[in-house]
Amino acid sequence: MDGFNTFEKQDKVLLGLNSGADAAAAYRILQQQGFAVAAAVVRLTDTPEEHAAVDAARALAKKLDVECVTLNAEALAGQDAEAARFAALLTAADKLGIQYIASGRYARIETDAQGMSHLFAPESGAPDESGKLAALPPEVLSRLILPLGDFAPEDVAEMAEDFKL
């Protein structure tokens, strides 16, 4: 054997799913970028509203033909909701051996020369959702992929329509 292996291990990503077209478009974009995408929905409370949101996300996963796990993260419910959801996603990704997590939020992450990840507003003129992610610690940002940060909302809506979502 010459040590040359033509098989490349595909990068995996765990996408935080909700019922929205943005999450569905994020799923398809990640697939087109070559990721093996798994999906998860985070449940922070045991309320009818939260159960309905989980059911809606699972219905979307079925349309996308992707397995979707429900992460019960009630223990994190007292924290900032976004930070709690991403903490639950990261914990699940670690348990599943998945390197990256992703979200359908409109923001961008760039890595500087020192390897530090920084959050920025989207360049596309999309509504800036970076503020919702501002509380995320560096270890989360370094593993977070935000595929919608380079797209305008109209383009995302068009993609969702093209994907028949």
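In terms of heavy atoms, Ala57 sits closest to Val41 at CB-CG2, 3.7 Å. The shortest heavy-atom contact between Ala88 and Val42 is CB-CG1, 4.0 Å. Closest non-hydrogen pair, Ala83 versus Asp80, comes out as N-OD2, 2.9 Å. Ile145 and Leu30 make their closest contact through CG2-CD2, 3.8 Å (heavy atoms, listed as atom of the first residue, atom of the second, distance). When all heavy atoms of Met116 and Pro138 are compared, the closest pair comes out as CE-CB, 4.2 Å. Here the closest heavy-atom approach between residue Leu17 and residue Cys68 is recorded as CD2-SG, 4.2 Å.
In this structure, Glu154 has no salt bridge (charged side-chain N to carboxylate O under 4.0 Å, His left out) partners at least two apart in sequence or on a different chain. With sequence neighbours left out, the side chain to side chain donor-acceptor pair (under 3.5 Å) criterion links Asp150 to no other residue. Residues meeting the salt bridge (charged side-chain N to carboxylate O under 4.0 Å, His left out) test with Glu158, sequence neighbours left out: none. For Asp46, the salt bridge (charged side-chain N to carboxylate O under 4.0 Å, His left out) partners are Arg43, not counting sequence neighbours.
Cluster annotation: Leu148 is not connected to Leu89 through the hydrophobic network of ILVMFWY side chains, with a link wherever side-chain heavy atoms come within less than 4.5 Å. The hydrophobic clustering, which links ILVMFWY residues whose side-chain heavy atoms are closer than 4.5 Å, places Leu133 and Leu14 together. Using a 4.5 Å cut-off between side-chain heavy atoms of Ile, Leu, Val, Met, Phe, Trp and Tyr, with links allowed through other members, Leu64 and Val69 fall into different hydrophobic clusters. By the rule that hydrophobic residues join a cluster once side-chain heavy atoms approach within less than 4.5 Å of another member, Val140 and Leu44 end up as members of one cluster. Linking Ile, Leu, Val, Met, Phe, Trp and Tyr whenever their side-chain heavy atoms come within less than 4.5 Å leaves Ile29 and Ile109 in two separate clusters.
For the atom pair OG1 (Thr45) and CG (Asn72), the distance works out to 10.5 Å, reported to the nearest 0.5 Å. Taking OH from Tyr27 and NZ from Lys63, the interatomic distance works out to 14.0 Å, rounded to the nearest 0.5 Å.
Pairs passing the salt bridge (Lys or Arg N to Asp or Glu O under 4.0 Å) check and including a residue from residues 49-62, sequence neighbours excluded, read Glu50-Arg85.
By the 4.5 Å heavy-atom criterion applied to side chains, Arg143 and Asp94 are counted as neighbours. Within the 4.5 Å cutoff, the side chain of Leu119 has heavy atoms near those of the Leu146 side chain. A 4.5 Å side-chain heavy-atom check between Leu15 and Phe35 finds every atom pair outside the cut-off.
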Counting only pairs under 3.5 Å, give me each side-chain donor-acceptor contact of residues 99-107, with atom names and distances, residues two or more places apart or in other chains.
residue : atom : partner : partner atom : Å
Ser103  : OG   : Arg105  : N            : 3.3
Arg105  : NH1  : Glu129  : OE2          : 3.2
Arg105  : NH2  : Glu82   : OE2          : 2.5
Tyr106  : OH   : Asp22   : OD1          : 3.3

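Other residues, nucleotides and ligands contribute at most 12 non-hydrogen atoms within 6.0 Å of the CD atom of Glu67.
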